[in-house]
Amino acid sequence: MVTIKLSLLSALRRNPQYLSEKQNEALKRSIERDGFLCPIVVRKRKGGYEVLSGNHRVLASREAGLTEIPCML
């Protein structure tokens with residue numbers, strides 16, 4: 001596991017799932033309260049990393065003001 005800056009992460013383009021605003025707020029509160037119970041899964045891409053699993057957690061982390069998160073390559 002590694003810690004990666006959020007600025008280096010880009011979302012997987014073909015993510016078909018969306019969260020409602022209420023679900024996103026609940027996820028953000030959970031991250032603020034409990035941190036990450038499971039790291040984000042990413043793959044190396046030119047100039048950064050692409051998120052394979054955890055796009056919603058990345059978005060909620062950005063909204064919560066975090067600057068880096070735990071990831072698995």
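For clarity, every value in this text was computed on a predicted model and none was experimentally measured. Numbers for residues simply follow the sequence, beginning at 1.
Here the straight-line distance linking atom SG of Cys71 with atom CG of Leu6 works out to 8.0 Å at 0.5 Å rounding. The distance from atom CZ of Arg62 to atom OG of Ser7, rounded to the nearest 0.5 Å, is 8.0 Å.
Residues forming a side-chain hydrogen bond (donor to acceptor under 3.5 Å, both in side chains) with Thr67 (at least two apart in sequence, or on another chain): none. Residues meeting the side-chain hydrogen bond (donor to acceptor under 3.5 Å, both in side chains) test with Glu68, sequence neighbours left out: none. Scanning for side-chain contact (heavy atoms from CB on, under 4.5 Å) contacts around Leu8 gives Ile4, Lys5, Tyr49, with sequence neighbours left out. For Ile31, the side-chain contact (heavy atoms from CB on, under 4.5 Å) test picks out Leu27, Phe36, Arg57, Ala60, Ser61, Leu66, with sequence neighbours left out. Annotation: side-chain hydrogen bond (donor to acceptor under 3.5 Å, both in side chains) contacts of Glu50 (sequence neighbours excluded): Arg43, Arg45.
By the neighbour-count criterion of 12 heavy atoms within 6.0 Å, atom NZ of Lys44 is densely surrounded, having more than that number from other residues, nucleotides or ligands.
Think of Met72 as one node in a network of Ile, Leu, Val, Met, Phe, Trp and Tyr side chains linked at under 4.5 Å; its network also takes in Met1.
Taking the side chain as every heavy atom from C-beta outward, Leu73 and Val42 approach each other to under 4.5 Å.
Counting only residues at least two apart or on different chains, no salt bridge (Lys or Arg N to Asp or Glu O under 4.0 Å) pair has a member in residues 29-42.
Here the rule is side chain to side chain contact (heavy atoms under 4.5 Å, CB included) with Val51, and of Val41, Val58, Leu59 only Val58 fits it.
No donor-acceptor pair closer than 3.5 Å links the side chain of Glu25 to the backbone N or O of Lys22.
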